Each structure stands twice: as C-alpha cells, then as structure tokens.
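Remember, predicted model here, so these are calculated numbers, not experimental data. In the text below, chain A, chain B and the rest are named by the order of the sequence lines, each starting its count at 1.
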Amino acid sequence: MSIDIDDILAELDRDTTAVEQNASSYPDQSDRTQGNDVSQIRPADKAVDPVAPTQFNKIDDYQKLITHWKNERMSPELLPYPHHLMTRTLIRIQERIELIETLSMGYLEDNQELTVDSKLPLLCMEAELERLKFLVRSFIRCRLSKIDKYSIYLRQQSELPNNAGLSRLDLLMSKEEVKYHMKHSDILLKLFNNAVLKHLPEELQAVNDTEGSISMIDEPDWNKTVFILVCGGVVDESGIDSKLTTDDDGKHCYSVIIEDLNEEIYLLIGAVYVIRYSVIRDLMTEGRVVLI
Amino acid sequence: MYGDLANKLILEAKRTQQLSQAGFNKQQLPVYQDELVRGILKEVGSLKKNVDYLREQQLTDQDNKVAQCQYVVAMLSMERNKRCLLAYQKMRSEMLDSMVWDNNGMEFSSAISNHPNLSSFDSSVLSHAEQEYLKEYAQLLTELKSGELSEIDLTGMLQPPSDVFIDVRVLKDAGQIETEYGVFNLIKDSQFFVRQSDVERLIQQGYLQKI
C-alpha cells in the first residue's frame with residue numbers, strides 16, 4: 001500500500017499546483033458530500049470583494065504567494081504584507097480543512113470499504129494542504145524574525161513626522177504582526193530597563209541612541225547582494241511596460257544605475273543577476289524582478 | 001582596569017552562543033552572571049563620578065589636555081560597558097525567544113511554574129527580570145498562535161513536508177496517543193507508520209524520530 005501512495009505522491013511533487021487541480025478533478029465528490037456546506041460558505045464570501053477566494057484564480061494566487069515568500073526570505077528588509085492575498089489563502093485553507101473533514105466523515109458513515117483507491121484523493125488533498133500550510137508558516141515566521149530584528153528601526157520609522165502615526169505599519173504588517181511587534185518590543189524594553197538601564201546614569205538610558213560611537217539601531221542592510229531573476233511582464237493600461245528599454249543588440253531590458261560606481265547596467269528579461277539589493281528594490285516592489 | 005569585567009561578560013555570551021549553535025544546551029541557558037553584571041554597573045557608577053568631577057574641572061581650566069583626554073576615555077568606557085551589558089541581555093533574550101518557539105508557547109511556561117522539578121528546564125538560571133520576560137513572551141506567542149493563524153500552527157515544522165504519512169521510531173516511552181487511524185501505544189524502540197501532522201509535536205519534543 002505504501003509503495004503505491006509514494007509513487008503517486010512523487011508524481012504530484014513534480015507538479016507544484018496540484019492542490020488546485022485536486023479541487024477541479026474531483027468536483028462530483030465534493031459536491032455530493034458537501035453540497036450544503038458550500039452553499040453556506042459562498043454567500044458570506046461574496047460580500048467582501050477583494051478577499052473573496054472565488055473571484056481570483058487559485059493557481060495564480062498560489063504562484064503569487066510563492067513569489068512573496070521567496071522575496072521575503074531573500075530580501076534584507078521587511079516587505080509589505082500582501083493583505084488580500086493572505087486573507088484569500090487563509091479562507092481557502094479553512095475551506096479545504098472543512099472539505100477534508102466532511103469527506104473523511106462521509107466515508108466513515110457510508111461504511112464503505114476503505115480501499116486505497118477511495119482514499120487516494122483524500123490523501124493527495126491532505127498532502128497539498130500540508131504543503132500550503134508550510135508555505136504560509138514559513139512566510140510568517142520569516143516575517144516575524146525580521147520584525148524582531150528591526151524592531152526599534154520599525155518603531156522609529158512609524159514615528160517619523162511624515163508618516164501619519166501607525167498607518168504605515170498597518171500597510172507593512174498584518175494586524176496580528178503589528179500587535180506582536182508592539183507587545184514584543186514593549187516586554188523586551190522592560191527587560192532591558194529592569195536588568196540594565198535603570199541602574200545606569202540618566203544620559204546612558206536610551207536604547208535608540210545614534211549620537212554615540214556606534215548607532216544602536218539595527219537597520220536593514222540595503223547593500224546586501226541578492227540573486228534576481230528579471231521576469232518583466234508588468235504592463236500599464238496602454239499595454240506597454242513603460243520602464244522597458246532596449247539595449248544595443250535590440251533586446252528588451254531594464255536599465256538601472258549603480259550609484260557607487262556611477263554606472264548604468266542593463267538587466268535583460270529572463271536573465272539571472274547577482275546585484276546589490278538597493279539597486280533593484282524598486283523593480284522588485286513593482287514585480288518586474290523576483291529574488292531567487 | 002576599566003572594561004575588563006565587561007569583556008568577561010562578552011566572552012561568556014560568546015561561549016553560550018557557540019554552545020547553542022553547536023547543538024549542545026538547546027534547552028538550557030547558563031546561569032545569569034548576576035555578580036559580573038553588578039560589578040560592571042558599579043564600575044559605571046564610579047566612572048560617572050569621575051566624569052562629573054572632570055567636567056567641573058574643565059569649566060575652570062579650559063586648556064588642560066590631560067583632563068580632556070581623561071574625560072573622553074571615561075565617557076567611552078561607560079558607553080562600552082553599556083553596550084556589553086545590553087548585548088549580553090539581548091543574546092539571552094533571543095535564546096529565551098527561541099526556546100519558547102521550540103516549546104510551543106504557553107505549554108512551556110506553565111510547565112515551568114507547575115512542575116519545576118519535572119521539566120528539563122531550570123528557571124533558577126534566569127534573573128528575576130528574565131523570568132518575567134519569559135512568561136510574557138510565552139503569553140504573547142500563545143495569543144499569536146490562537147488568533148487568525150490558528151490553522152497554520154506557527155510553531156510547526158520549518159522543513160517542507162514530503163509525505164503525509166511517515167515512519168517514526170519511538171525514542172522514549174510516551175504512553176498512548178489516539179489518532180483517526182487508531183490508537184498507538186508508544187513503547188521505546190518500536191516503529192510506527194503514522195500521519196506526520198499527528199505526531200509532529202512529539203518529534204519536536206524528542207519522543208519520536210523520523211526514519
């Protein structure tokens with residue numbers, strides 16, 4: 001039995017979007033066993049437009065999440081949180097868990113013979129669910145570690161006068177993350193205060209001192225070298241990519257300027273480069289290049 | 001000499017870090033160096049007195065190069081001591097953080113307070129402020145886990161899952177567990193074919209080993 005399953009799962013491994021295909025390849029089953037549940041869930045979703053999972057392509061969303069995850073893992077700074085995408089993903093995970101539960105309950109109630117064949121779709125769904133959960137978990141954990149690392153920096157950024165209070169943090173992080181960030185830096189400061197700072201002379205009690213010999217605030221390393229893949233494919237309303245130029249050979253590329261060397265270089269579409277993060281930061285946030 | 005004590009503290013911190021990186025001491029922090037820390041704080045106090053005295057002198061005697069130099073050196077020593085103290089504390093707090101993550105938040109801190117003898121972790125190695133911090137951080141993590149992201153299980157495995165079902169070997173007796181697929185009696189050295197998500201926590205706690 002185990003050999004069979006391994007073979008089939010190995011095949012699934014090659015296809016990263018299998019979770020979405022599962023859903024479409026077994027429509028009868030899910031409709032039969034879960035008809036009522038589906039009709040209950042859907043109307044609620046339609047009320048909130050940008051987060052309604054039904055209105056967005058599942059495969060696209062999955063790919064986008066993977067891109068976000070890779071960018072987040074490789075970039076030195078904390079990237080903006082993809083609010084809508086994550087909401088949709090979480091709703092889908094929820095639905096999938098319910099579906100799997102109903103399916104396995106259904107099998108038990110019907111008292112059917114539990115053969116490998118009848119369990120296989122269920123097994124595939126569970127495998128894919130675990131993978132998706134891993135992706136989200138890894139993404140969030142990566143973000144949380146960055147939030148911890150740049151805690152004071154983030155706090156300071158949000159207090160700059162040209163940002164209206166917390167609004168910027170709200171965009172950058174999810175609600176839960178903001179809460180975590182605030183709470184954690186609070187208790188960490190309390191620890192520092194109790195253990196060290198309150199025993200020091202007054203002029204040495206700050207933790208965000210930049211005047212002294214060494215700045216106390218950890219800033220992201222903007223000059224970290226990163227691997228990038230130039231993917232292009234971002235177009236505006238008129239259907240053309242305004243940043244796209246052509247190099248001497250007539251190939252499509254983006255031109256960027258490395259300020260330290262005062263040198264202009266061309267990034268060809270489809271090519272891989274190793275480059276300083278600060279140089280391609282804008283192209284990355286626009287989705288024209290991805291980190292790998 | 002000024003700064004010697006702080007140097008000791010930093011060496012201690014570095015040793016701790018290397019030990020934990022090498023995989024020893026995963027669950028155990030070395031004892032909080034209360035005496036060292038207090039010694040350094042005392043040093044800062046006496047430096048502070050020097051600085052005040054030197055500053056007063058400078059007001060009367062502007063051109064005394066020696067006094068100016070003394071002043072700068074004393075200031076820098078104070079700053080360095082502060083940096084060392086904070087670095088030590090930060091390192092320990094980060095290790096506490098990772099311990100909380102590894103032990104699934106609240107379960108950990110309640111284990112400490114309820115069974116101080118049973119748990120492998122000895123809370124006497126922590127300073128009072130650290131114990132408080134540990135408790136609050138565990139609380140924070142539990143809140144985070146039970147919020148919007150409760151389905152994800154944030155403290156779960158960080159390696160990508162390969163199979164839904166895995167073979168595990170039991171390293172320590174863990175009693176019975178119940179799963180959808182029946183009851184397993186986890187006796188040392190036996191092997192089972194189980195669903196990964198059912199036993200993940202036991203693997204992390206060191207009861208089971210994936211094979």
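Shown here for A:L191 and B:S93, the closest heavy-atom pair between the two residues is CD2-CB, 3.8 Å. Between B:E136 and A:I187, the closest heavy-atom pair is OE1-CG2, 3.4 Å.
For the atom pair CD (B:E132) and NZ (A:K190), the distance works out to 4.5 Å, reported to the nearest 0.5 Å. Atoms NZ and CG, on A:K198 and B:L41 in that order, are 11.0 Å from each other to the nearest 0.5 Å.
Enclosure of atom NZ in A:K149 is not indicated, since only 12 or fewer non-hydrogen atoms of other residues, nucleotides or ligands lie within 6.0 angstrom. Enclosure of atom NZ in B:K8 is not indicated, since only 12 or fewer non-hydrogen atoms of other residues, nucleotides or ligands lie within 6.0 angstrom.
For a residue to count as touching a neighbouring chain, one of its non-hydrogen atoms must lie under 4.5 Å from one of that chain's; by this rule B:N81 does not touch chain A. The contact between B:Y32 and chain A is made entirely by side chain atoms (from C-beta outward), counting heavy-atom distances below 4.5 Å. There is no contact between B:E94 and chain A, counting heavy-atom distances below 4.5 Å.
Between B:F165 and A:L123 the shortest side-chain heavy-atom distance falls below 4.5 Å. A heavy-atom distance below 4.5 Å is not found between the side chains of B:L85 and A:L197. Between B:D97 and A:H184, some side-chain heavy-atom pair lies under the 4.5 Å cut-off. For the pair A:L188/B:K90, a side-chain contact is recorded, criterion being any heavy-atom separation below 4.5 Å from C-beta on.
Between chain B and the options A:K179, A:Q94, A:M86, heavy-atom pairs under 4.5 Å are most frequent for A:Q94. Contacts with chain A were tallied for B:R38, B:M78, B:H128; B:M78 has the most, counting heavy-atom pairs under 4.5 Å.
One finds a salt bridge joining A:E126 and B:R195 here, because a Lys/Arg side-chain nitrogen approaches an Asp/Glu carboxylate oxygen to under 4.0 Å.
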